[in-house]
Amino acid sequence: MVRWGIVGCGQIAQRFVQGLAHVDEAMPAAVWSRRPDASAAFAAACGARAAPSFEALLAAPVDAVYVATLHDSHAHYAIAALRAGKAVLCEKPAATSAAELRTVLATARHTGGLFMEAMKPPFYPLYRKLRAHLDSDPIGRIVYVRAGGADVLTDSGHPTLRPEAAGGALLAIGIYEAFLALDWLGPATAVQTLGRIGPSGVDTFASINSAHARGIAQLHCGIDCNSTGEALLAGTAGNVTIHARWWNPTHATVRYADGRTVALEAPFTGGGLNYETGHFCDLLREGRTESPVMPHALSLGMIEMLDEARAALGVRVPFEA
Ligand SMILES: NC(=O)c1ccc[n+]([C@@H]2O[C@H](COP(=O)([O-])OP(=O)(O)OC[C@H]3O[C@@H](n4cnc5c(N)ncnc54)[C@H](OP(=O)(O)O)[C@@H]3O)[C@@H](O)[C@H]2O)c1
């Protein structure tokens, strides 16, 4: 049984607990947030204990910690949990900059603990089905990725609009697009970015052209307009559309240059976070320190792309060195 400690009791923590109910041999054991009333209500709803402090959560009998706070505090809680000997699954982005992430990864190496960024798409049934399909019936070499996610954020108090919470479209959404490009095209060799900064000072839209070891990507992310949320993978003998919303994928269409079309479908259960969580629990039981699906180098590559994109737009996190 993997006993989970959950840090933060917001929306994603609730979805995590929903998913945990679909993972074998795993349970919510302790929860903590800064507001005792919120911790108590969340703990009661999921059958866990409310820890009175973060230190108490780390001292509790938990095997793994899920960091579900806002961007600005992910690295802080991940490092403390690793030092306490816990395995850490950390919400995206795992850190606000590559420098910060390197500190987290160095701590993971030093402590020998398991660390994984909670980047959900590659664990979804559709994504895995697509990979298996392309392995057996390829579309040639994949040399171009086009993907984006943008929705108008209407809640003016949302943390994504707050610079001090390390908000902005790039860190909130662009991290997914960076993942997709790196996952199919390999390490980035150049990143060019145009974008918009909103009244609160965070990036509200970014358009990225990136060159990679195996091809070119065109990516966008935004919180001030609505785009389609589709992804296109183009190969030398066909292409794939991962239909909207590609980061919670359920449908893909594979079109071959010889005229064939294959429709792939795979619904998900449990809210979707259960797949990454199940994978993480397996790694923990096997004594692994890193995921082969979501390795540390991939997380580093993602945040390095976003560092470059933020620099191009002149967006800095207030506490950045
Ligand atoms: N994987 C996904 O599909 C997905 C989807 C949405 C969001 N996310 C990610 O999940 C994270 C949380 O998003 P959310 O939508 O759940 O936000 P949320 O609903 O605002 O919840 C944030 C939680 O973190 C706590 N928190 C914030 N800053 C903290 C700090 N410095 N120390 C301790 N607790 C802190 C908040 O506590 P208070 O009540 O005390 O402020 C609240 O419990 C973000 O990183 C976001 O990017 C992932």
Side-chain angles (χ1 to χ4, degrees), residues 5-20 28 30-43 45-46 48 50-58 65-81 88-96 100-101 104 116-124 127 149 151 153 155-180 202-203 221 223 229 245-249 268 270-277 279-280 294 299 302-303 306 317-319:
I6 301 167
V7 183
C9 294
Q11 286 177 39
I12 202 64
Q14 293 183 28
R15 190 163 153 201
F16 175 79
V17 164
Q18 178 198 355
L20 208 48
V31 305
W32 172 76
S33 88
R34 293 179 296 195
R35 290 185 295 117
D37 54 334
S39 307
F42 187 75
C46 70
S53 65
F54 175 57
E55 292 70 26
L57 179 125
L58 294 183
V65 168
Y66 173 58
V67 178
T69 59
L70 299 178
H71 307 168
D72 60 319
S73 58
H74 287 175
H76 168 75
Y77 290 117
I79 288 170
V88 174
L89 177 64
C90 183
E91 258 312 328
K92 42 60 65 174
T96 58
E100 207 181 51
L101 184 59
V104 176
M116 187 179 102
E117 182 169 13
M119 180 49 50
K120 63 189 171 179
F123 302 100
Y124 271 63
Y127 201 95
D151 281 307
L153 189 52
D155 172 5
S156 61
H158 198 280
T160 303
L161 289 169
R162 287 176 22 219
E164 71 280 8
L170 281 163
L171 287 173
I173 301 165
I175 193 87
Y176 286 117
E177 320 306 329
F179 158 77
L180 194 75
V202 303
D203 49 298
C221 56
I223 52 173
R245 307 162 66 89
W246 79 258
W247 50 93
N248 287 318
F268 61 88
L273 301 190
N274 34 316
Y275 304 104
E276 64 184 13
T277 309
H279 171 79
F280 186 93
M294 197 52 225
S299 287
M302 286 152 48
I303 201 70
L306 298 195
V317 176
F319 51 85

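Basis for what follows: all heavy atoms, side chains included, without hydrogens, waters or symmetry-related copies. Just so you know, ligand 1 is whichever comes first in the structure, and atom 1 is the first atom listed for that ligand. If you're wondering where the values come from, they're calculated on a predicted model, not measured in any experiment.
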Any donor-acceptor pair under 3.5 Å linking the side chain of Asp203 with the backbone of Ala169? yes
Tell me, which protein residue and heavy-atom name are nearest atom 21 (O) of ligand 1, and how many Å apart are they? Gly10 CA, 3.2 Å
Is there side-chain contact between Leu89 and Met116, with heavy atoms separated by less than 4.5 Å? yes
Under 4.0 Å to a heavy atom of Arg15 - the qualifying atoms of ligand 1, by number: 3 (O)
What's the shortest distance from atom 38 (P) of ligand 1 to any protein heavy atom, and which residue and atom give it? Arg34 NH2, 3.6 Å
Candidate list Tyr127, Tyr176, Phe179, test side chain to side chain contact (heavy atoms under 4.5 Å, CB included), partner Trp247, passing option: Tyr176
Leu70 versus Pro159, closest heavy-atom pair with distance: CD1-CB, 3.6 Å
min-distance protein heavy atom vs atom 39 (O) of ligand 1 -> Arg35 NE, 3.0 Å
Using distance alone, determine whether Ser33 and ligand 1 share an N or O pair under 3.5 Å. no
Is there a heavy atom of Ala172 sitting under 4.0 angstrom from any atom of ligand 1? no
Short N/O distance, under 3.5 Å, between Cys9 and ligand 1? yes
Identify the two heavy atoms, one from Pro28 and one from Cys46, that lie closest to each other, and give their separation to 0.1 Å. CG-O, 3.5 Å
Is there a nitrogen or oxygen of His71 sitting under 3.5 Å from a nitrogen or oxygen of ligand 1? yes
Arg15 (side chain) donor-acceptor with Leu273 (main chain) under 3.5 angstrom: no
Name the option, out of Glu91, His74, Lys120, that contains the heavy atom nearest to atom 45 (O) of ligand 1. His74
Location of contacts on Ala38 toward ligand 1, heavy atoms closer than 4.0 Å: neither
Tell me, please, which residues at least two apart from Ser73 pass side-chain hydrogen bond (donor to acceptor under 3.5 Å, both in side chains). Thr69
Test your reading of the structure: does Tyr77 have an N or O sitting under 3.5 Å from an N or O of ligand 1? yes
Protein contact to atom 11 (C) of ligand 1 [nearest heavy atom, distance to 0.1 Å]: Thr69 O, 3.2 Å
At a 4.0 Å threshold, what atoms of ligand 1 neighbour a non-hydrogen atom of Tyr176? 1 (N), 2 (C), 3 (O), 4 (C)
Report yes if some N/O of Ile12 lies less than 3.5 Å from some N/O of ligand 1; otherwise report no. yes
Out of curiosity, Asp72 CG to Thr96 OG1, how far, rounded to the nearest 0.5 Å? 8.0 Å
Within the 3.5 Å criterion, strictly below it, is a donor on Glu276 or Tyr124 matched to an acceptor on the partner's side chain? no
Within the 4.5 Å heavy-atom criterion, are Val65 and Trp32 side-chain neighbours or not? no
Is Phe54 touching ligand 1 with its side chain, its backbone, both, or neither, if touching means heavy atoms under 4.0 Å apart? neither
Which heavy atom of the protein is the closest neighbour of atom 17 (O) of ligand 1, given with residue, atom name and distance? Leu70 CD2, 3.7 Å
For ligand 1, is there an atom lying under 4.0 Å from some heavy atom of Met119? no
Backbone of Cys90 reached by a side-chain donor or acceptor of His74 within 3.5 Å: no
Should you measure from each heavy atom of Gly8, which atoms of ligand 1 turn up under 4.0 Å away? 43 (O)
Indicate whether the side chain of Glu177 and that of Trp246 have a donor and an acceptor atom separated by less than 3.5 Å. yes
What protein heavy atom is closest to atom 15 (O) of ligand 1, reported as residue, atom name and distance in Å? Gln11 CB, 3.9 Å
Under 4.0 Å, heavy-atom basis, I'd like to know which part of Phe42 is in contact with ligand 1: side chain, backbone, both or neither. neither
